[in-house]
Amino acid sequence: MSEPRDMRILALWRDDPREAPMTIDARIDGARIVSTWDLFGAFALDGDSVRPFILRRDERIDFGFGESWRTDLREATIKVGSEFSVWFNESDSGRYRIVKLAVLGAKDNK
């Protein structure tokens with residue numbers, strides 16, 4: 001078993017990777033999210049517009065002001081190429097694919 005690591009997850013919407021990229025910070029161990037607390041993340045919308053959220057323990061993506069989506073990210077295998085779902089409302093959803101994992105606090109010396 002490896003040591004848990006704090007990671008940034010970058011995921012792209014499978015239907016249109018240029019629209020609404022998602023980043024979220026979580027503690028990962030054995031390709032699973034082991035953070036039991038609320039997590040912080042953001043969707044990049046409309047170019048430079050960023051929409052921050054809190055991923056609640058019940059898998060609700062909470063934007064505040066009573067607006068929320070749902071996801072099954074906490075149950076997904078966390079590795080490049082894995083997919084998970086995001087439900088925008090009761091009838092509309094999308095699949096996201098993890099495209100990058102980065103250790104938080106690590107810097108590339110190049």
Side-chain angles (χ1 to χ4, degrees):
M1 181 178 257
S2 64
E3 285 288 316
R5 299 178 85 173
D6 294 326
M7 305 286 289
R8 174 153 296 155
I9 301 165
L10 173 60
L12 301 178
W13 187 25
R14 195 177 66 183
D15 290 347
D16 185 352
R18 297 166 294 160
E19 188 172 326
M22 175 186 186
T23 58
I24 193 158
D25 297 341
R27 179 157 292 162
I28 309 296
D29 188 15
R32 305 301 288 182
I33 293 178
V34 295
S35 309
T36 57
W37 51 86
D38 293 340
L39 303 173
F40 295 96
F43 286 95
L45 304 172
D46 303 322
D48 293 332
S49 178
V50 176
R51 190 156 191 214
F53 64 84
I54 298 172
L55 177 60
R56 301 291 184 190
R57 291 177 219 153
D58 64 359
E59 301 203 78
R60 208 170 22 95
I61 297 172
D62 185 350
F63 295 105
F65 306 107
E67 184 180 358
S68 65
W69 296 348
R70 290 183 303 113
T71 184
D72 58 1
L73 176 61
R74 285 186 183 264
E75 299 166 20
T77 300
I78 307 301
K79 66 178 187 175
V80 172
S82 290
E83 294 186 2
F84 61 93
S85 295
V86 173
W87 290 269
F88 311 113
N89 54 47
E90 293 304 315
S91 60
D92 192 17
S93 66
R95 295 288 292 168
Y96 272 75
R97 179 177 292 128
I98 297 172
V99 296
K100 185 175 181 179
L101 297 170
V103 177
L104 288 177
K107 289 191 174 187
D108 193 338
N109 292 329
K110 295 181 184 178

Q | Separation between CD1 of Ile98 and CE of Met22, rounded to the nearest 0.5 Å | A | 9.0 Å

Q | Heavy-atom donor-acceptor pair, Ser35 side chain to Arg27 backbone, under 3.5 Å | A | yes

Q: Check whether any side-chain N or O of Thr23 sits under 3.5 Å from a backbone N or O of Gly41 as a donor-acceptor pair, and report yes or no.
A: no

Q | Single-linkage hydrophobic cluster Leu39~Leu101, side-chain heavy atoms < 4.5 angstrom | A | yes

Q) Got Val86 and Leu73 here, is their nearest side-chain heavy-atom distance under 4.5 Å? A) no

Q. Can you name the one residue among Phe63, Phe53, Tyr96 that meets ring-ring contact (aromatic ring centres under 6.0 Å, His included) with Trp69?
A. Phe63

Q: Tell me whether Leu10 is reachable from Phe43 by hopping between hydrophobic residues (I, L, V, M, F, W, Y) whose side-chain heavy atoms are closer than 4.5 Å.
A: no

Q: Please check if the side chain of Asn89 supplies one atom and the backbone of Asp92 the other of a donor-acceptor pair under 3.5 Å.
A: yes

**Q.** Heavy-atom side-chain proximity of Arg8 to Leu104 below 4.5 angstrom
**A.** yes

Q | Min side-chain heavy-atom separation Asp25-Phe40 under 4.5 Å | A | no

Q) Given Glu59 and Arg74, is the salt bridge (charged side-chain N to carboxylate O under 4.0 Å, His left out) satisfied, shown in steps? A) CA-CA 7 Å; Glu59 301 203 78; Arg74 285 186 183 264; 5.6 Å; no

Q. What distance separates Arg57 CZ from Asp38 CG, expressed to the nearest 0.5 Å?
A. 5.0 Å

Q. Do the side chains of Ile24 and Phe88 join up, straight or via other hydrophobic residues, at under 4.5 Å, putting them in one cluster?
A. yes

**Q.** Asp29 side, atom CG; Ile33 side, atom CD1 - distance, nearest 0.5 Å
**A.** 12.0 Å

Q) CG of Asp72 to CZ of Arg95: how many Å apart, nearest 0.5 Å? A) 6.5 Å

Q. More than 12 foreign heavy atoms under 6.0 Å from CD of Glu67: is that the case here?
A. yes

Q.
Taking the basic N atoms (NZ, or NE/NH1/NH2) and the acidic carboxylate oxygens, is any pair closer than 4.0 Å for Arg56 and Asp58?
A. no

**Q.** Crowding at CZ, Arg5 (>12 non-hydrogen neighbours, <6.0 Å)
**A.** no

Q: Compare every heavy atom of Ala26 with every heavy atom of Ile9, then report the nearest pair and how far apart it is.
A: CD1-CB, 4.4 Å

(Q) Closer than 3.5 angstrom, by distance alone: can the side chain of Asp62 be matched with the main-chain N or O of Ile54 as a donor-acceptor pair? (A) no

**Q.** Closest heavy-atom pair and its distance - Arg32, Glu75
**A.** NH2-O, 2.6 Å

Q | Cluster check Ile78, Val34: I/L/V/M/F/W/Y, side chain < 4.5 angstrom | A | no

Q.
If hydrophobic clusters are built by linking Ile, Leu, Val, Met, Phe, Trp and Tyr wherever their side-chain heavy atoms come under 4.5 Å apart, do Ile28 and Val103 end up in the same one?
A. yes

